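This report refers to the structure that appears directly beneath it.
Remember, predicted model here, so these are calculated numbers, not experimental data.
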Amino acid sequence: VLAELLPLAHTGFVSDHDAETLFGITSKKRDPDEKQADVAGQLVERFGLQAVAMSRRDQHSATRNGWGGMYHVAGFGETVFSRRYEIDFI
């Protein structure tokens, strides 16, 4: 159902994991930022989106995680990343 609805959207909010699970979109890039940008570009091409937003969680341990976000604008082919936040869960 999502594959049918996504072409009707302006912006897709999806993780790189969701892109693989739901749409079979993957990236061979090893750098996490490059991987997200590549997946976002593929989503834009496949579904005609104007932009893609993703969150990113880097799990360092069971209680410590890094969080951030990414926004890819199709018309400019530009990808921007938010500041990274390190969070300790209690």
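Counting heavy atoms from C-beta on, the side chains of Q36 and F81 come closer than 4.5 Å. With a 4.5 Å cut-off on side-chain heavy atoms, H72 and L43 do not count as touching.
Paired with V39 under the rule side chain to side chain contact (heavy atoms under 4.5 Å, CB included), one option of V14, V52, D18, I25 passes, and it is I25. Tested against N65, the residues R57, H60, E86 include a single side chain to side chain donor-acceptor pair (under 3.5 Å) partner, R57.
The structure places CG of L5 at 10.5 Å from CZ of F47, a figure rounded to the nearest 0.5 Å. Within the model, atoms CZ of R56 and CG of D16 stand 8.5 Å from one another, a figure rounded to the nearest 0.5 Å. The CG atom of D38 sits 11.5 Å away from the CG atom of D31 when rounded to the nearest 0.5 Å. The CG atom of L22 sits 8.0 Å away from atom OG of S15, with the distance rounded to the nearest 0.5 Å. Within the model, atoms OH of Y71 and OG1 of T11 stand 4.0 Å from one another, a figure rounded to the nearest 0.5 Å.
V44 and L6 fall within the same hydrophobic cluster, where Ile, Leu, Val, Met, Phe, Trp and Tyr residues are linked whenever their side-chain heavy atoms come under 4.5 Å apart, directly or through other members. M54 and L2 end up in the same hydrophobic cluster when Ile, Leu, Val, Met, Phe, Trp and Tyr side chains are linked at under 4.5 Å. Linking Ile, Leu, Val, Met, Phe, Trp and Tyr residues whenever their side-chain heavy atoms come within less than 4.5 Å places F23 and M70 in a single cluster.
Within a 6.0 Å sphere centred on NE2 of H17, heavy atoms belonging to other residues, nucleotides or ligands number 12 at most.
Contact between T79 and A37 at its shortest, heavy atoms only, is OG1-CB, 3.7 Å.
Put simply, the side chain of Q50 never gets that close to the backbone of G75: no donor and acceptor are under 3.5 Å apart.
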